[in-house]
Q: 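Would you mind keeping the following structure in view while I ask a few things?
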Amino acid sequence: MLVNYEPERKGMIIGEGLFFLLIFIWGALRLKKLFTREHKQQQQQQNFLLSVTHELKSPLASVKLYLQTILKRDLNREQQQMFLSNSLKDIERLDYLVENVLLTTKLENNRFSLPKEDFNFTDVIRDVSDRLQKNFCSSQVIEPDLDDNVVIHADKFAITNVVNNLMENAIKYSPPCAKVNVELKRTSDNQLMFSVSDHGSGISDDEKKLIFNKFYRVGNESTRKTKGTGLGLYIVKTVLQKHNATIKVKNNAPTGSIFEVTFENYAS
Ligand code: ADP
């Protein structure tokens, strides 16, 4: 008796064909995703190089101009002081950039561990606030509300950089002379809360997830007005991870953002 296997074979071939087609589609989609990610990373690195070059060039050019003017012109003492203090601000900007690039390089090195010591966190925040206050606005901008003498066991250089990055951002992404609140509170025996709140542009919910990525900056290079490299919050997140601390971003009312850091077992 002759059995007709044709329909069964056809079904098998169609089934196998469909299976391979699905694998092919899945592979193509994954490849597209990888290419898109790679392209995005390349673009961000390109942006980073552009902004670092700009960030290096513009303060150098301005310091050069200030010094040339002081040398060539007969300026009175007040004018000289103004030019010198502006040069100092530019040098501080350079210092901030170099510090961020250096710290990022260190954090990327797996063998590097942060050297920890006991230091007064309240004093660190107060020093950063005073320095930024002097540089940015003559009227009151930064309002610190700090518990006294909070001593933490941490890497002083890296934690100072975290405070600096959060506070510089709060000022940078706010209108001139807008108020910035800084809080440091012992919330329980071994928990510490540090927060920086501003009344600036705020951050959309979608962007909140992305801003801690390396080189990530909201908007694009051609429309963006603020200076920066996209390294600040990446450093903040990485340093805090190495200190058993977490960071949350919330909306401030009526506008702006609150960056809230919680340290666990901060004294040990
Ligand atoms: P940048 O050098 O661009 O400031 P950061 O890593 O510090 O890099 O921040 C990443 C992005 O997050 C910024 O480009 C900015 O768009 C956004 N951002 C950070 N802090 C604030 C803030 N306080 N208010 C609004 N946007 C912010």
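One is the number of the first residue; the rest follow in order along the sequence. Counting starts at 1 for both ligands and their atoms, in listed order. Side chains included, hydrogens not; waters and symmetry mates left out as well; all remaining heavy atoms used. Since the model is a prediction, treat every value here as computed from it, not as a measurement.
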Q: On a heavy-atom basis, I'd like to know which of Tyr234, Tyr173, Phe215 is closest to atom 22 (C) of ligand 1.
A: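 Of the listed residues, Tyr173 has the closest heavy atom.
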Q: Between Leu233 and ligand 1, find which residue part has any heavy-atom pair under 4.0 Å and reply side chain, backbone, both or neither.
A: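 For Leu233, backbone and side-chain atoms both sit under 4.0 Å from ligand 1.
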Q: Identify, by atom number and element, the atoms of ligand 1 in contact range of Gly232, meaning under 4.0 Å from any of its heavy atoms.
A: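 Answer for ligand 1: 5 (P), 6 (O), 7 (O).
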Q: Hey, is the main chain of Ile13 close enough, under 3.5 Å, to the side chain of Glu16 for a donor-acceptor pair?
A: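 Pair absent, no side-chain N/O of Glu16 close to backbone of Ile13.
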Q: In ligand 1, which numbered atoms sit nearer than 4.0 Å to a non-hydrogen atom of Tyr216?
A: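 Answer for ligand 1: 10 (C), 11 (C).
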Q: Does ligand 1 have a heavy atom under 4.0 Å from the side chain of Asn165, from its backbone, from both, or from neither?
A: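 Neither part.
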Q: Please list, in number order, the atoms of ligand 1 under 4.0 Å from a heavy atom of Ile203.
A: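 Near Ile203, meaning under 4.0 Å from one of its heavy atoms, ligand 1 has 21 (C), 25 (C), 26 (N), 27 (C).
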Q: Less than 4.0 Å between a side-chain N and a carboxylate O, is that true for Glu92 and Lys134?
A: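 No, this pair does not count.
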Q: Does the side chain of Asn100 pick up a donor-acceptor pair with the side chain of Asn161 at under 3.5 Å?
A: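 Per modelled atom types, Asn100 and Asn161 side chains form a pair under 3.5 Å.
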Q: Tell me if a side-chain donor or acceptor on Asn252 pairs with a main-chain N or O of Ile258 at a distance below 3.5 Å.
A: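 It does not hold such a pair.
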Q: Counting neighbours of NZ on Lys208 that are heavy atoms of other residues, nucleotides or ligands and sit closer than 6.0 Å, is the number greater than 12?
A: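 Enclosed.
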Q: Hey, is Gly200 one of the residues with a heavy atom under 4.0 angstrom from ligand 1?
A: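 Checking ligand 1 against Gly200, which is what was asked, there is no heavy-atom contact under 4.0 Å.
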Q: Under 4.0 Å, heavy-atom basis, I'd like to know which part of Phe259 is in contact with ligand 1: side chain, backbone, both or neither.
A: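 Side chain only.
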Q: Are any of the N/O atoms in Thr229 less than 3.5 Å from those in ligand 1?
A: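 Thr229 vs ligand 1: N/O contact under 3.5 Å present.
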Q: Atoms of ligand 1 less than 4.0 Å from Gly228 heavy atoms?
A: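 Those of ligand 1 that fall under 4.0 Å from Gly228 are 2 (O).
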Q: Please give me the minimum heavy-atom distance between Pro175 and Gly200, naming the atom from each residue.
A: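 Shortest heavy-atom contact: CD-CA, 4.1 Å.
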Q: Find all atoms of ligand 1 within a distance of less than 4.0 Å from any non-hydrogen atom belonging to Val218, and give their numbers and elements.
A: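 Listed by number with element: 14 (O), 16 (O).
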Q: Does NZ in Lys185 sit with more than 12 non-hydrogen atoms of other residues, nucleotides or ligands closer than 6.0 Å?
A: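 Enclosed.
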Q: Taking only Lys NZ, Arg NE, NH1 and NH2, and the carboxylate oxygens of Asp or Glu, determine whether Glu117 and Lys156 approach each other closer than 4.0 Å.
A: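 Judged by the 4.0 Å cut-off on N to carboxylate O distance, Glu117 and Lys156 do not form a salt bridge.
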Q: Please identify which atoms of ligand 1 are closer than 4.0 Å to at least one heavy atom of Ser201.
A: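 Per the distance check, 25 (C).
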Q: Under 4.5 Å between side-chain heavy atoms, hopping through other hydrophobics if needed: is there a path connecting Leu114 to Leu233?
A: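 Yes: a chain of side-chain contacts under 4.5 Å links Leu114 to Leu233.
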Q: Strictly by ring-ring contact (aromatic ring centres under 6.0 Å, His included), give each pair with a member in residues 248-268 just once, sequence neighbours left out.
A: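 As it turns out, the ring-ring contact (aromatic ring centres under 6.0 Å, His included) pairs with a partner in residues 248-268, which skip direct neighbours, are Phe121-Phe263.
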Q: Does at least one non-hydrogen atom of Lys172 fall below 4.0 angstrom from an atom of ligand 1?
A: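 Distance cut 4.0 Å: Lys172 passes for ligand 1.
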Q: For Ser257, take its heavy atoms, then give the atoms of ligand 1 lying under 4.0 Å from any of them.
A: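 Under 4.0 Å from Ser257, ligand 1 has these atoms: 24 (N).
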Q: Report the part of Glu207 in contact with ligand 1, treating N, CA, C, O as backbone and CB onward as side chain, heavy atoms under 4.0 Å; options are side chain, backbone, both, neither.
A: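 Neither; no heavy atom under 4.0 Å.
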